[in-house]
A.B. asks: 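Input: one structure, supplied below.
Computation of the quantities below employed the complete heavy-atom set of this structure, encompassing side-chain atoms and omitting hydrogens, waters and symmetry-equivalent molecules.
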Amino acid sequence: MAPATEAPASVTAEGPTSHTQNHAARLNEQQIGFLLSGINANRIGRDGKGFSHVEAWDIRRHLIRVFGFGGFDTDLLGMELVAQIDTPPDRPNSKTRYTVVYRVAIKLTVKVDGVELGHWHGAAIGDATNQPSLADAHDLALKTADSQALKRAAVNMGDQFGLSLYNNGSLDPVVNRSLAYMKPAEAPKLPEDPPVQPEPGSQQNSEPTAPPADAHASPEPDAPQGSQELFDKLWEQTQRCWENPIALLQIHTKVLESNLGPRRVQGPDGTWTTFGDLLSARTDELKHQNPDTATERSAA
């Protein structure tokens with residue numbers, strides 16, 4: 001059977017979503033801690049368009065890990081054949097090729113100790129293109145749509161199910177905390193949210209970014225641990241937001257406020273410079289490349 005490539009969860013619009021948390025069902029501390037943590041980079045793949053995504057089988061694996069065997073149900077709400085295109089042979093001894101498109105809608109229900117915690121809906125389109133077997137074309141398109149619908153429903157449970165990837169493919173957790181699970185007496189200092197990026201595939205971000213994969217930073221052995229952790233985080237954000245001048249300006253501000261500007265880093269061309277100078281030069285470069293876009297984003 002020919003393989004099928006899943007589309008990223010951001011390509012097709014979300015299906016209707018219903019948040020129906022049952023307060024009689026309570027997650028334990030281990031479940032909450034895991035759900036609030038960032039997704040492991042080893043779980044992230046790239047599709048043919050360069051978008052980050054999580055495989056559907058990995059979503060099922062983590063549903064089992066978090067909620068246990070029998071801890072979730074999936075109900076098929078709708079299945080529709082959108083199109084079937086038969087391409088006749090274009091040369092001797094060739095065969096008819098088939099392209100099939102399906103739409104699937106599902107409901108994902110999560111349970112804790114047999115009691116429903118909540119349920120969410122997801123809908124997606126799946127296709128199988130230019131297949132030699134009509135049966136395989138229907139099978140692959142249907143499975144792709146079903147897998148995508150499951151991922152879109154599961155993403156409502158946060159970062160471990162791919163929510164942060166909608167923030168321009170970020171691995172940093174975007175939920176971070178939930179007041180529903182804090183004691184009334186607790187008054188935590190809430191962490192600052194990172195800059196919000198457009199979803200992959202949206203009109204605001206139609207082209208994938210190209211961070212300097214070969215660039216690296218020179219750590220300072222005498223730097224305090226907290227300073228090094230902040231440096232590593234800002235350096236990772238710089239690589240991820242290399243094509244976004246507004247995000248780089250925000251990062252540059254944090255670098256200067258944290259006295260990390262003089263830190264030595266190696267740019268994508270292999271030359272060494274300071275962290276602050278690298279950000280300043282890259283921001284100016286992007287402004288000159290597309291001044292209209294930079295102005296529009298600044299005005300927004």
Side-chain angles (χ1 to χ4, degrees), residues 1-15 17 27 30-31 33-80 82 100-112 116-129 131 133 135-167 169-175 199-201:
M1 183 177 296
T5 302
E6 294 185 355
S10 58
V11 171
T12 305
E14 303 286 346
T17 300
L27 299 171
Q30 289 79 10
Q31 290 171 312
F34 181 75
L35 291 173
L36 289 178
S37 61
I39 191 169
N40 190 307
N42 293 332
R43 297 175 55 197
I44 309 303
R46 295 276 182 178
D47 74 341
K49 296 182 179 180
F51 296 134
S52 301
H53 72 128
V54 185
E55 295 289 346
W57 72 265
D58 185 63
I59 294 294
R60 294 184 185 275
R61 172 174 67 170
H62 281 79
L63 284 170
I64 295 172
R65 285 182 173 178
V66 177
F67 303 105
F69 295 103
F72 70 96
D73 297 323
T74 55
D75 296 303
L76 180 63
L77 302 180
M79 179 183 65
E80 176 187 359
V82 178
V100 174
V101 181
Y102 272 95
R103 179 185 184 276
V104 168
I106 71 159
K107 180 177 77 170
L108 171 65
T109 303
V110 169
K111 298 174 289 184
V112 176
E116 179 180 335
L117 175 69
H119 66 261
W120 304 270
H121 299 92
I125 296 289
D127 70 334
T129 305
Q131 297 295 314
S133 166
D136 283 353
H138 279 267
D139 183 59
L140 295 174
L142 183 57
K143 287 193 296 187
T144 300
D146 183 64
S147 295
Q148 290 300 109
L150 172 65
K151 293 196 289 185
R152 293 200 171 96
V155 79
N156 290 285
M157 287 182 290
D159 298 307
Q160 287 297 332
F161 295 92
L163 180 61
S164 69
L165 301 184
Y166 283 82
N167 192 29
S170 174
L171 302 184
D172 294 335
V174 295
V175 178
E199 295 183 8

A.B. asks: Within this structure, what is the CG-NZ distance for the pair L108 and K151, rounded to the nearest 0.5 Å?
C.D. replies: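 Answer for the CG-NZ pair, L108 versus K151, is 14.0 Å.
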
A.B. asks: To the nearest 0.5 Å, what is the distance between CD1 (I106) and CG (L77)?
C.D. replies: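 It comes to 7.5 Å.
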
A.B. asks: Could you measure the distance from the OG1 atom of T74 to the CG atom of L63? Nearest 0.5 Å is fine.
C.D. replies: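 Separation between the atoms: 9.5 Å.
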
A.B. asks: What heavy-atom pair brings A128 and A137 nearest, and what distance separates the two atoms?
C.D. replies: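 A128 and A137 have their closest heavy atoms at CB-O, 3.3 Å.
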
A.B. asks: Which atoms form the tightest heavy-atom contact between G126 and A145, and what is the distance?
C.D. replies: N-CB, 3.4 Å

A.B. asks: Quick one: OG1 on T144 to CD1 on I125, what's the gap to the nearest 0.5 Å?
C.D. replies: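 T144 atom OG1 to I125 atom CD1 measures 11.5 Å (nearest 0.5 Å).
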
A.B. asks: side-chain contact (heavy atoms from CB on, under 4.5 Å) for I59 and F161? Distances and angles first, verdict last.
C.D. replies: CA-CA 6 Å; I59 294 294; F161 295 92; 3.9 Å; yes

A.B. asks: Any side-chain heavy-atom pair from V110 and M157 closer than 4.5 angstrom?
C.D. replies: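 They are in contact (side-chain heavy atoms under 4.5 Å apart), so the answer is yes.
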
A.B. asks: Test side-chain contact (heavy atoms from CB on, under 4.5 Å) on L140 and Q131 and set out the steps.
C.D. replies: CA-CA 9 Å; L140 295 174; Q131 297 295 314; 3.7 Å; yes

A.B. asks: Under the side-chain contact (heavy atoms from CB on, under 4.5 Å) criterion, do L165 and D159 qualify, and how do the steps go?
C.D. replies: CA-CA 8 Å; L165 301 184; D159 298 307; over 6 Å; no

A.B. asks: For I44 and S52, which heavy atoms make the closest approach, and how far apart are they?
C.D. replies: CG2-CB, 3.7 Å

A.B. asks: Do side-chain atoms of S37 reach the backbone of F34 as a donor and acceptor pair under 3.5 angstrom?
C.D. replies: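 Answer holds: yes.
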
A.B. asks: Can you tell me if S164 uses its side chain to pair, donor with acceptor, with the backbone of S170 under 3.5 Å?
C.D. replies: yes

A.B. asks: Let me confirm one number: the CD-NE2 distance from Q148 to H53, rounded to the nearest 0.5 Å.
C.D. replies: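 Those atoms lie 8.5 Å apart.
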
A.B. asks: Can you find a heavy atom in the side chain of W120 that is under 4.5 Å from one in the side chain of V155?
C.D. replies: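 No, side chains not in contact.
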
A.B. asks: Are the side chain of E80 and the backbone of V104 linked by a donor-acceptor contact shorter than 3.5 Å?
C.D. replies: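 Such a contact is absent between E80 side chain and V104 backbone.
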
A.B. asks: Go through F67 and L27 one step at a time and tell me if the side-chain contact (heavy atoms from CB on, under 4.5 Å) criterion holds.
C.D. replies: CA-CA 9 Å; F67 303 105; L27 299 171; 3.8 Å; yes

A.B. asks: To the nearest 0.5 Å, what is the distance between NE2 on H62 and CH2 on W57?
C.D. replies: 8.5 Å

A.B. asks: For the side chain of R60 and the backbone of L150, is there at least one donor-acceptor N/O pair under 3.5 Å apart?
C.D. replies: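 Checked: no pair found.
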
A.B. asks: Identify the two heavy atoms, one from A41 and one from L171, that lie closest to each other, and give their separation to 0.1 Å.
C.D. replies: CB-CD1, 3.5 Å

A.B. asks: Taking T129's backbone N and O only, do any of them form a donor-acceptor pair with D127's side chain (distance below 3.5 Å, no angle check)?
C.D. replies: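 Pair absent, no side-chain N/O of D127 close to backbone of T129.
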
A.B. asks: According to the interplanar angle, ranging from 0 to 90°, do the rings of Y102 and H138 count as parallel (below 30°), tilted (30 to 60°) or perpendicular (above 60°)?
C.D. replies: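 Answer is perpendicular, since the angle exceeds 60°.
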
A.B. asks: D73 and side chain to side chain donor-acceptor pair (under 3.5 Å): which single residue from H119, K111, K107 fits?
C.D. replies: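 Of H119, K111, K107, side chain to side chain donor-acceptor pair (under 3.5 Å) with D73 is met by K111 alone.
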
A.B. asks: I'd like to know if K143 and D146 make a salt bridge, using a cut-off of under 4.0 Å between side-chain N and carboxylate O.
C.D. replies: no

